[in-house]
Undergrad: 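This is the structure I have questions about; it appears just below.
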Amino acid sequence: MLQREGYIPVWLESGLLDLYYNGFCNSVLWQLFHYVPLQLDGWQRVQEHQTLQMQWGAYQQANDRFGEVVLAVYQPGDMVWVQDYHLMLLPSILKNAVPRAKVGWFLHTPFPSSEIYRTLPVREDVLRATLRADLIGFHTYDYARHFISSCTRILGLEGTPEGVEDNGSVARVAAFPIGIDPERFAQALETEEVQMNIAKLLNRYAGRKVMLGVDRLDMIKGIPQKLLAFEKFLHEHPEWRDKVLLVQIAVPSRTDVPEYQKLRSMVHEIVGRINGAFGTLTYVPIHHLDRQLSFHELCALYAVTDVALITSLRDGMNLVSYEYVACQADNAGVLVLSEFAGAAQSLGAGSILVNPWNINDVAAAIEDALTMSEEERRERHRQNYMHVATHTAQTWADTFISELNDTHIEADLRLRHTPPELDFAEVVRGYMDSTRRLIVLGYNATLTTAVEAPRQPKRHYDQIKALTRVNPRILKCLEELCADPANEVVVFSGSEMGKLEETFGALPVWLAAENGVYVRPPKDKDLPEEWKCLFDTLPKEWMESVQLVLDYFCERTPRSFVEVRDTSLVWNYKHADVEFGRLQARDLLQHLWTGPISNAPVEIIQGGRSVEVRPVGVTKGLAMQRILGYMATIRGRQAVHFDLVLCIGHLLARDENMYLLFEGHKLEGVTRADLRAAVQQAAPTSHNISSSTPTPAAAAAGAGTGSAAAAAAGGQTPP
């Protein structure tokens, strides 16, 4: 029958289903997302840990099954909307198979703070899989903020106002409060069956105020707290005894779980105690039902209720509050709502918000609700009803789908502005066809690989220290490139001279340190071996005062450090807490701008996790111009007549002016023609060659972020 309506089954064996649904989904993720920590006693036994591993394996396998079924029916242009924590791995599975697919994911529960979420053993795997979705939705802004914070603190990714950025791709994260269909409830109230039930209830509860609680019998619903608050209210206000009653509907759930059985016994015990203490032959304070009501029975109960009491300890949204408001057009009852329910973000203006853990607070709220004037009741109801009527379930779905379409379009636009990937075949052809080549290579994160600190077995970003190494195979490749006399290899870095000398000193390569301020020619008997400063009279008197400020912030920010270079200073907080580091960086900028650099000829360069202070005008593009002029000075003008330039670096944004230089754009007031003239002026007059029309040998550009590469071609003229 469901297949005829368009549903497609996903078959799971009973054992797999139990480990997947009852195991990892409900016993791990659901509890963690509702701020219930993993049980400590379970970790006392190895078999319990093995069970968790089996549950995680079942979760992966079940997500794979869903992925197989979706991909079997997927058509180009289809939209896939993944629902809830049961399928957090599915976005990655779908994107791996169809990278251009529109995939959205929505969570119907809370998302915990990063301090709670980080206790999940497989936290990185789950986050990275979910981030493959184009749009990630939550009920409230708080949940979205917690998710972004977890990605930032656990994965080390960049959180933006739009979402989470990972290697140039942006996963949009936003809040989409779900709603109900209020028209369905309004129509139900007009039916004869509901009207008859309303009349019976009014007759049954005549002369008394009715309070209502409708909850699933669950630890997070706060039923015991609600009952204790009602008990305290009756104890402190004897005048309300026999004038108010509480109808509590507790729908049974997971009756085979011991914790839920204990909860049921506890609730029954409290109900019995209150009814025994405050009840009479004609009055029972609490009417408790361990069953689910029909839709029409529930609508009638909503309609006659004077106060709805919702005391969730943690709830994704809680649509009972919406349903109650939709059925209160005539009565205008009062909604007492837990501030820990997602609905508090939407209905807080018209509700009495309470902390369910504070029994005194809830008891006082019950008194306020029962004694509230009709004018205030109707104004509060009007505000709530306006929200319920406009933020319907259909509006929620339409908004999410519209946002998913827009997000996908924005991703396409970003992709169009991203330079194409490097065409390796074209570069190889250009290399083989060229006779004089310039190869410019970045150092950090291009030729180096970050390694983890010793005695730190855990692979985690905040334990990675400032240790880098160059793979021996890369050094071998550089040596082979340098063996060809047609090649000039330049290693370009922001690092200090000593680090480059230590790593590449034995190779016949050009070394450019501190963003090209200092250059060292290849070790050759005909070339000078000392470092040369290409920027004359760089001011350094500012460095002492700036370093004092940076050292001060080093003390204030654990795990941050200062890199002292000959012409610049860098405060690096890549190992510090990400959010705290950003706050400190903003504070540092204020200190610098209003203090030691206010009148100094320096500029501040903000990196992803660093703040660099360096002299004005020191850029990689301008430095590269001067390096080419220096090459022409010591080797002759003919040596810089390159017909192939290959430039490879990490983070295209930082190296953009170098790429612009090789593409022939105007740079710092200097064009390629100006550079050619400067080279000719610097070169010895004994070298005289003719120029010819440039013949492209290869052209390519790398990705927008991450490791980026660009190859440009020219003729027998300086690039």
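If you're wondering where the values come from, they're calculated on a predicted model, not measured in any experiment. Values reported hereafter were calculated over all heavy atoms of this structure, with side chains retained and with hydrogens, waters and symmetry mates removed.
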Undergrad: May I ask you to check whether over 12 heavy atoms, not counting those of Arg204, lie within 6.0 Å of atom CZ?
TA: no
Undergrad: Which label fits Tyr117 and Phe33: parallel for a plane angle under 30°, tilted from 30 to 60°, or perpendicular past 60°?
TA: tilted
Undergrad: Under the side chain to side chain donor-acceptor pair (under 3.5 Å) rule, what do Asp64 and Gln60 come out as? Steps first, then yes or no, please.
TA: CA-CA 6 Å; Asp64 285 334; Gln60 293 174 298; over 6 Å; no
Undergrad: I want to check a possible cation-pi pair here: Arg184 against Phe295, using under 6.0 Å from ring centre and within 45° of the ring axis as the test.
TA: yes
Undergrad: Using a strict cut-off of less than 4.0 Å between a Lys/Arg side-chain nitrogen and an Asp/Glu carboxylate oxygen, indicate whether Asp134 and Lys102 qualify as a salt bridge.
TA: no
Undergrad: Run the ring pair (Phe, Tyr, Trp, His ring centres under 6.0 Å) test against His381 and tell me which residues pass, sequence neighbours left out.
TA: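 So His381 forms a ring pair (Phe, Tyr, Trp, His ring centres under 6.0 Å) with Tyr385.
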Undergrad: Can you establish whether the number of heavy atoms outside Met196 located under 6.0 Å from its atom CE is more than 12?
TA: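 No, the 6.0 Å shell around CE holds no more than 12 heavy atoms from other groups.
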Undergrad: Going by an N to O cut-off under 4.0 Å, is there a salt bridge joining Arg118 and Glu115?
TA: yes
Undergrad: Are the aromatic rings of Phe138 and Phe176 close, with centres under 6.0 Å apart?
TA: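 Distance test on ring centres: not under 6.0 Å, no.
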Undergrad: Quick check: are there more than 12 heavy atoms from other residues, nucleotides or ligands sitting under 6.0 Å from OH of Tyr141?
TA: no
Undergrad: Salt bridge or not between Glu239 and Lys243? Use side-chain N to carboxylate O under 4.0 Å.
TA: no
Undergrad: Please verify the inter-ring angle class for Phe24 with Tyr59; under 30° counts as parallel, over 60° as perpendicular, anything in between as tilted.
TA: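 Because their plane-to-plane angle lies in the 30° to 60° range, the rings of Phe24 and Tyr59 count as tilted.
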Undergrad: Can you classify the ring geometry of Tyr20 versus Phe66 as parallel (below 30°), tilted (30 to 60°) or perpendicular (above 60°)?
TA: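 Rings of Tyr20 and Phe66: tilted, 30 to 60°.
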Undergrad: If you measure from the Lys or Arg side-chain nitrogens to the Asp or Glu carboxylate oxygens, is any gap between Glu379 and Arg382 under 4.0 Å?
TA: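 So Glu379 pairs with Arg382 through a salt bridge.
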Undergrad: Does Arg241 qualify as a cation-pi partner of Phe278, given the criterion of NZ or CZ under 6.0 Å from the six-membered ring centre and within 45 degrees of its axis?
TA: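 Judged by the rule (NZ or CZ under 6.0 Å from the ring centre, within 45° of its axis), Arg241 is not positioned above Phe278.
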Undergrad: Please list, chain by chain and in numerical order, all residues satisfying side chain to side chain donor-acceptor pair (under 3.5 Å) with Ser149, sequence neighbours excluded.
TA: Arg153, Glu579
Undergrad: Let me check something: any side-chain donor-acceptor pairs from residues 355-364 under 3.5 Å, sequence neighbours excluded? List them with distances.
TA:
residue, atom, partner, partner atom, Å
Asn355, OD1, Trp357, N, 3.1
Asn358, OD1, Asn360, N, 3.2
Asn358, OD1, Asp361, N, 3.1
Asn360, OD1, Lys232, NZ, 3.2
Asp361, OD2, Asn355, N, 3.1

Undergrad: How about OH on Tyr21, more than 12 heavy atoms from neighbouring residues, nucleotides or ligands closer than 6.0 Å, or not?
TA: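 No, OH of Tyr21 has 12 or fewer neighbouring heavy atoms, counting only those of other groups under 6.0 Å.
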Undergrad: For Ile366, which of Lys226, His237, Lys209, Met211 qualifies under side chain to side chain contact (heavy atoms under 4.5 Å, CB included)?
TA: Met211
Undergrad: Against Arg264, only a single residue in Asp290, Asp218, Asp256 fulfils salt bridge (Lys or Arg N to Asp or Glu O under 4.0 Å); can you say which?
TA: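 So, applying the salt bridge (Lys or Arg N to Asp or Glu O under 4.0 Å) to Arg264 and each of Asp290, Asp218, Asp256, only Asp290 qualifies.
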Undergrad: Assess whether a salt bridge exists between Arg254 and Glu259, defined as any Lys/Arg side-chain N lying under 4.0 Å from an Asp/Glu carboxylate O.
TA: no
Undergrad: Would you call the rings of Phe233 and Trp240 parallel, tilted or perpendicular if under 30° counts as parallel and over 60° as perpendicular?
TA: tilted
Undergrad: Would you find more than 12 non-hydrogen atoms of other residues, nucleotides or ligands less than 6.0 Å from His235 atom NE2?
TA: no
Undergrad: Fit a plane to each ring of Trp105 and Phe147, take the angle between them on a 0 to 90° scale, and name the class: parallel (under 30°), tilted (30 to 60°) or perpendicular (over 60°).
TA: tilted
Undergrad: Any salt bridge linking Asp406 with Arg172? Criterion: basic side-chain nitrogen under 4.0 Å from a carboxylate oxygen.
TA: no
Undergrad: Rounded to the nearest 0.5 Å, how far apart are CD1 of Ile148 and CD1 of Ile136?
TA: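 So the gap between those two atoms works out to 9.0 Å.
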Undergrad: Answer yes or no: are there more than 12 heavy-atom neighbours, outside Gln83 itself, under 6.0 Å from its atom CD?
TA: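 Buried by this count: over 12 neighbours within 6.0 Å.
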Undergrad: Give the intermediate values and the outcome of ring-ring contact (aromatic ring centres under 6.0 Å, His included) for residues Tyr322 and His391.
TA: CA-CA 10 Å; Tyr322 281 63; His391 295 79; 8.6 Å; no
Undergrad: To the nearest 0.5 Å, what is the distance between CD on Glu339 and OG1 on Thr311?
TA: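 Result: 12.0 Å between the selected atoms.
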